[in-house]
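Here is the structure we will look at.
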Amino acid sequence: MSVLVDDDTRVVVQGITGGEGKFHAEQMMEYGTNVVAGAVPGKGGQEVAGVPVYDTVDEAVEVENADTSVIFVPPAFAGDAIFESLDTDLDLAVAITEGIPTQDMARVNKRLTETDTRLIGPNCPGLITPGEAKLGILPGNIFASGDVGLVSRSGTLTYQVVDSLTNRGIGQTTAIGIGGDPIIGTDFVDALELFENDPDTKAIAMCGEIGGEDEEEAAAYIDEHVDTPVAGFIAGRTAPPGKRMGHAGAIVSGSGTGTAESKINALNDAGVPVGDTPEEVADHVESFLE
Amino acid sequence: MSVLVDDDTRVVVQGITGGEGKFHAEQMMEYGTNVVAGAVPGKGGQEVAGVPVYDTVDEAVEVENADTSVIFVPPAFAGDAIFESLDTDLDLAVAITEGIPTQDMARVNKRLTETDTRLIGPNCPGLITPGEAKLGILPGNIFASGDVGLVSRSGTLTYQVVDSLTNRGIGQTTAIGIGGDPIIGTDFVDALELFENDPDTKAIAMCGEIGGEDEEEAAAYIDEHVDTPVAGFIAGRTAPPGKRMGHAGAIVSGSGTGTAESKINALNDAGVPVGDTPEEVADHVESFLE
Amino acid sequence: MDMKLHEYQAKQVFADAGVPTPESKLASDVDGVVAAAEEIGYPVAVKAQVQVGGRGKAGGIKLVDDEQEAREAADSILGMDLKGYHVDRVLVEEAVDFTNELYVGITMDRGEGKPVAMVSTKGGVDIEAVAEETPEAIAREHIDPSFGMHPYQARKAVYDAGVPGEIARDVSSVLTTLYQLWSDRDGADAEINPLMVTSDNDVIAADAVMNIDEDALFRQPELAEMEDEAASGDALEQKADEYNFDYVRLEGNTGIIGNGAGLVMTTLDLVDHYGGEPANFLDVGGGAKADRIANALDMVFSDENVDSVVFNIFGGITRGDEVAKGINEALEQFDEIPKPVVVRLAGTNWEEGMEILNEDLVTVEQTLEDAVQRAVEYADEVNEQ
Amino acid sequence: MDMKLHEYQAKQVFADAGVPTPESKLASDVDGVVAAAEEIGYPVAVKAQVQVGGRGKAGGIKLVDDEQEAREAADSILGMDLKGYHVDRVLVEEAVDFTNELYVGITMDRGEGKPVAMVSTKGGVDIEAVAEETPEAIAREHIDPSFGMHPYQARKAVYDAGVPGEIARDVSSVLTTLYQLWSDRDGADAEINPLMVTSDNDVIAADAVMNIDEDALFRQPELAEMEDEAASGDALEQKADEYNFDYVRLEGNTGIIGNGAGLVMTTLDLVDHYGGEPANFLDVGGGAKADRIANALDMVFSDENVDSVVFNIFGGITRGDEVAKGINEALEQFDEIPKPVVVRLAGTNWEEGMEILNEDLVTVEQTLEDAVQRAVEYADEVNEQ
């Protein structure tokens, strides 16, 4: 089993006529994802990557029964594209775009309280259910089907951890990159809840990083609601305060909130072992499954 | 019993330092309403009509445990005053003000979907539970305590109908003036639901008027959900299309929606007798109670 | 109530916001029309500036190709009576060569309590008729007023309406601008009908409707200044505007004055119910004082169709004694009362009012039903004479 | 990343929006300062225009009463090094006589995903310190970004903060304006600290902070133009801006290049874990091509503290062969490689990359752990020499 995405998922790619959109639509299909349509205003009637393009997401939903959108739209227009996906009758929208203005995301954040459509991202690699479907830009070949749910704020760090797992023969139910922006849709708590409720997920790996308090909230949630064993990792132990480490959300504030130490302590207090290296995370997960 | 308001209701009057606000605060108190505070920015610390004035509604709620607001704020500032009341922890806000810009009310209407605070009005006379409390500008002396729930889009028409009832010795549980604007908080359906669920309300009188489709929706609701007998009245049978009859909402559109005929037919189809005159409405109600 | 801008005013407002509009000039005499036409270059349209639909069919719009035609058109349109409105200004406008006519509009959907954007490829005709006969020909998109119109919503409405792809982007952009304008300017309705499409696939607003929420004029000073120019045509309704009454003129002979829209409507309905014909709707509003009552009587007496008057007041914040004082003051000025007045007072201070009322001047009744019946009888008597 | 405006730029933006600000002039030499001071009238404040906090304590702000003092102040401030920033401009500003100092600010509360308005009567001091020591001294009001700030919310924050009644209305109005500005201009933070209160109960923005969301600069062309002037002080960080890298300079000697923020942070952490000291954070981002890889190496080589470099790439959309090509091209230009480079490639096309890599120029490792350890060893060796 898996969470959020499987081989029944019917995907519309917003921005499929752009370079990134086309390339990754093809990559997703090659992996086996059921991409049924593209949506790009003004490009309705074209065919890209072998699927029909519609002017609006709504049309793609109506004609092709798309239930999930993956968004490769440039940052200036991505906020609008997310709104379009949230206001249409979709189950899931995955926004890959990096660099969306924060105030646009604050408005999206408000809309998320009013809609049933789930958002993942933005500024994220997407998610994958190995062997079934991937939504986004993750390199499919490093993943393997198995028992571990993985959730991460970072893209390439996810790959690093997954690689360590897969090399040991430990596969994944679903891996979700929730994105490194300060304002995102699905957060750690949401992902943990999904994995906890998935009978096939036997262990969870959670990769956090400095900035914000999402990992602390996740720790509190794990303490109260999660029985599945969780192993953690926190990137940015050596980051100086006041400096943004690449991700818009990865910053230890001047007053000292958002530190790796605070997050590691919170996770440890919730019974979550935190690896010093990605390999150590894999060690913990391996021990859970023995 | 009663709906929405009784002698436990703790009222804050927004705009109590204005002429209207002060006059009606006094009138309400004279009737027995438990007015506990006023709220007017910049007037905190004053005392008006014997109650303390606070700068914000929030303070009035915190210090005086107000649970209901009555709003006598000039139209230019009334939208903001309504938002303030909706965003504070109140059960009920009653907006008396007439002439609030429609776009302000459209924004209020959006907020109403997000809050638990109920709004009555604007552009309404308020509501009264005879013998217990009145919120607004209704003349208390024409009401009497009894078994009839009354809901009306119009102020003085309400008085006319109430007068006919009271003169026959028929009292009211609660009378609610929902207001004559096109965008209002509590509508007929909401009020009917309240009366239907009130064990002491044995009959309902509903005074509608031309414009919109609220009466048609009320008829459909009565048909499905209301066992309490309802008598109706519709003002504006002789109104020509395309002309606004005083109330901003009272207009039969050029294409013929919002006519008295359509409303009367809908009510009749739902088993609601509609009086040709206010006295006939009282006749119907009287027959229900026999 | 909404304040309607004239076409030339609405076009100026639209053009200022970036909506493409044809070149045009306002003129109020024949020479002015010719001068304007020559500056713009023939052919031009000469369009009567009055607040009424169907100007074209009524002869209020003429397309002219040269000076002689321009003079003839100006001559016939300026000064004409167009459905009761006197034409004293025309807009002289570049004639646009078009291949297609669209409709775009924003209005408040009162039932939903939300703005709605509308697009149709059936432009250039009466859109209310389209709405009734082929509602599916109008694409509608509701707008959340807290967010405003998202660009995707404009596109969606445009694509849903079947606007051709080549112009979809431009039409979306006009619609987005129109919404912003509607929202910034407290619009009640903002419409472009037709939005013309030229053979070069440019779009241009050939007509413009902009009605403003009168309750919001306090924060639209620039538009409020346009109000006098855009006033209604009926002299009595203009007078009601001055007095700030809610007033509607009807065709009957029983004048009606009351407080509160619902009660006044009910009074009209009762006049009809008892066999009479209401002459007007006049609501003095809440808390009217004596002078306001006198103004109301003056209004109704000014209507030559009126044969009798029924005064129906149920006092809440309106006080019966103030009403009685106003009635006395207004009627005492006359040597002879122009039309018989029937008064019914109830509610706040009604007894005091009854005591004050001069029964030499008015007929007093105790109930609404009696008062209306008596007024209808008086009107019938006058008619029989 | 946020773009920080200079005080003089922020004040101009605030003043244009209607926030009261003191009269001021920018000057870049001593005579300019004196001329500005005389036009404004003594006393004036001479304020260094650099992007750093605590200017006053560091001698970057001086209050002067006459020409001689102005010359001395200009002389000492212009050209000074203020916490690593060279001062080449000062703002000469009317000295405001105040009785009270407030704080007002708008920022994005990232945890809530909503803007928050803040007001405090403890203005004129480090507000972060106030937030930590006496959080209750700052009134906070979250704003729903779809509606914007309601006037009542500004008032509520002002009254909650305990702002005296006489100035509550003016402070509310400044806060409302500040929010509108923040929202219209894609602000990250907008602050006035202090908002001075004069003895006449006027309020005036004595300092101004405005940081702009860099991701939104595409729609803020006027502010984007101010960017060069407001650039950061560190030469390497400026270079990173040019190359468009996410780069942070640190104090260690092991240079780090990688793709993806989380992975680069992890690489830093591993350097530390294995006893080394990271010299920098450098993320080449996703899908980097050869020239970008070469630029990254140039960046790190330019840092004189760097003794070795670890290159850690886990390819997703970044391709190992492109990375290898870039590394080869960059290093082949040198007669002698400036610092030892350790490379670890994984993910997309890593085998192709490995084949391409010139192992005469770099050390190749198979795992992240090995690569980091090797780089730390190299750095240690250099240090030991």
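All heavy atoms count here, side chains included; hydrogens, waters and symmetry mates do not. Since this is a predicted model, take the numbers as computed values, not measurements.
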task: Measure across C:Phe314 and B:Thr156 and return the closest heavy-atom pair with its distance rounded to 0.1 Å.
output: O-CG2, 3.4 Å
query: Which one of B:Ile142, B:Asp187, B:Thr277 has the most heavy-atom pairs closer than 4.5 Å to chain C?
result: B:Thr277
- prompt: Any ion pair linking C:Asp272 and B:Arg237 (charged N to carboxylate O, less than 4.0 Å)?
  reply: no
message: For a 4.5 angstrom cut-off between non-hydrogen side-chain atoms, does C:Ser146 reach B:Arg111?
response: no
message: Given heavy-atom pairs under 4.5 angstrom as the criterion, report whether the side chain, backbone, both or neither of B:Ala250 touches chain C.
response: side chain
message: Please rank B:Arg153, B:Glu98, B:Lys110, B:Glu213 by heavy-atom pairs under 4.5 Å with chain C and give me the top one.
response: B:Lys110
Listed partners of B:Thr97 passing side-chain contact (heavy atoms from CB on, under 4.5 Å), at least two apart: B:Ile71, B:Pro75, B:Ala78, B:Ile100
- prompt: Considering only heavy atoms, which portion of B:Leu138 lies under 4.5 Å from any heavy atom of chain C: side chain, backbone, both, or neither?
  reply: neither
message: Surrounding CZ of B:Phe77 (heavy atoms of other residues, nucleotides or ligands, distance under 6.0 Å), is the total greater than 12?
response: no
query: Under a 4.5 Å heavy-atom cutoff, which of B:His247, B:Glu209, B:Gln160 has the most pairs with chain C?
result: B:Gln160
- prompt: Taking all non-hydrogen atoms of both residues, which atom of C:Pro145 and which atom of B:Ala106 are closest, and how far apart?
  reply: CG-O, 3.5 Å
message: Can you list the residues of residues 256-263 of chain C that sit under 4.5 Å from chain B, counting heavy atoms only?
response: C:Asn259, C:Gly260, C:Ala261, C:Gly262, C:Leu263
statement: Under 4.5 Å to a heavy atom of chain B? For C:Asp144 that would be side chain
- request: First locate atom OG1 of C:Thr348, then atom OH of B:Tyr159, and finally report the distance between them rounded to the nearest 0.5 Å.
  value: 8.0 Å
statement: Highest number of heavy-atom pairs under 4.5 Å with chain C among B:Ser154, B:Ser164, B:Ala260 belongs to B:Ser154
message: At a 4.5 Å cut-off on heavy atoms, which part of B:Leu157 comes close to chain C: side chain, backbone, both, or neither?
response: both
- line: If you tally heavy-atom pairs under 4.5 Å between each of B:Gly236, B:Gly180, B:Gly140 and chain C, the highest tally belongs to B:Gly236
task: Identify the two heavy atoms, one from B:Pro278 and one from C:Leu270, that lie closest to each other, and give their separation to 0.1 Å.
output: CD-CD1, 4.4 Å
- prompt: About how many Å separate CD of B:Glu279 and CG of C:Leu368, when rounded to the nearest 0.5 Å?
  reply: 8.5 Å
query: If you measure from OG1 on B:Thr238 to CD on C:Glu251, what distance do you get to the nearest 0.5 Å?
result: 12.5 Å
message: Going by the rule ring pair (Phe, Tyr, Trp, His ring centres under 6.0 Å), which residues pair with C:Phe245 if we only count those two or more places apart in sequence or in a different chain?
response: C:Tyr243
message: side chain to side chain contact (heavy atoms under 4.5 Å, CB included), that's the test. Do B:Arg244 and C:Asp2 meet it? Break it down for me.
response: CA-CA 10 Å; B:Arg244 198 152 286 160; C:Asp2 300 334; 3.8 Å; yes
message: Taking side chain as everything from C-beta outward and backbone as N, CA, C, O, which of these in B:Arg107 sits under 4.5 Å from a heavy atom of chain C? Side chain, backbone, both or neither.
response: both
query: Are any of the side-chain nitrogens in C:Glu237 or B:Lys243 under 4.0 Å away from the carboxylate oxygens of its partner?
result: yes
- request: Over all heavy atoms of both residues, which pair between B:Ile183 and C:Gly113 is shortest? Give the atoms and the distance, please.
  value: CD1-CA, 3.8 Å
message: Looking at every heavy atom in both B:Pro101 and C:Phe218, which two are closest together, and how far apart are they?
response: CG-CE2, 3.7 Å
statement: From the list C:Leu268, C:Asp246, C:Val264, side chain to side chain contact (heavy atoms under 4.5 Å, CB included) with B:Met245 holds only for C:Leu268
message: Please classify the contact of B:Gln27 with chain C as side chain, backbone, both or neither, using a heavy-atom distance under 4.5 Å.
response: neither
- prompt: Please, which pairs that meet side-chain hydrogen bond (donor to acceptor under 3.5 Å, both in side chains) have at least one residue in residues 105-118 of chain C, sequence neighbours excluded?
  reply: C:Thr107-C:Asp189, C:Asp109-C:His142
Engaged part of C:Ser183 at the chain B interface, taking heavy atoms whose separation is under 4.5 Å: both
query: Checking heavy atoms, do the side chain of B:Ile184, its backbone, both or neither come under 4.5 Å from chain C?
result: neither
- line: C:Gly316 and B:Pro139 have their tightest heavy-atom pair at CA-CG, 3.9 Å
query: Relative to chain B, which segment of C:Arg344 carries a heavy atom at a distance below 4.5 Å: side chain, backbone, both, or neither?
result: side chain
query: With only heavy atoms counted, which part of C:Thr266 is less than 4.5 Å from chain B, the side chain, the backbone, both or neither?
result: both
query: At what distance, to the nearest 0.5 angstrom, does OG1 of B:Thr102 lie from CD of C:Glu214?
result: 11.0 Å
- request: For B:Lys22, look at atom NZ and say whether over 12 heavy atoms of other residues, nucleotides or ligands are found less than 6.0 Å away.
  value: no
query: Of the listed residues (B:Gly212, B:Pro240, B:Ala76, B:Gly155), which shares the most heavy-atom pairs with chain C below a 4.5 Å separation?
result: B:Ala76
query: Is the closest side-chain heavy-atom distance between C:Asp213 and B:Gln103 below 4.5 Å?
result: no
message: Using heavy-atom distances under 4.5 Å, tell me whether B:Asp276 contacts chain C through its side chain, its backbone, both, or neither.
response: both
C:Leu250 portion near chain B, given a 4.5 angstrom heavy-atom threshold: side chain
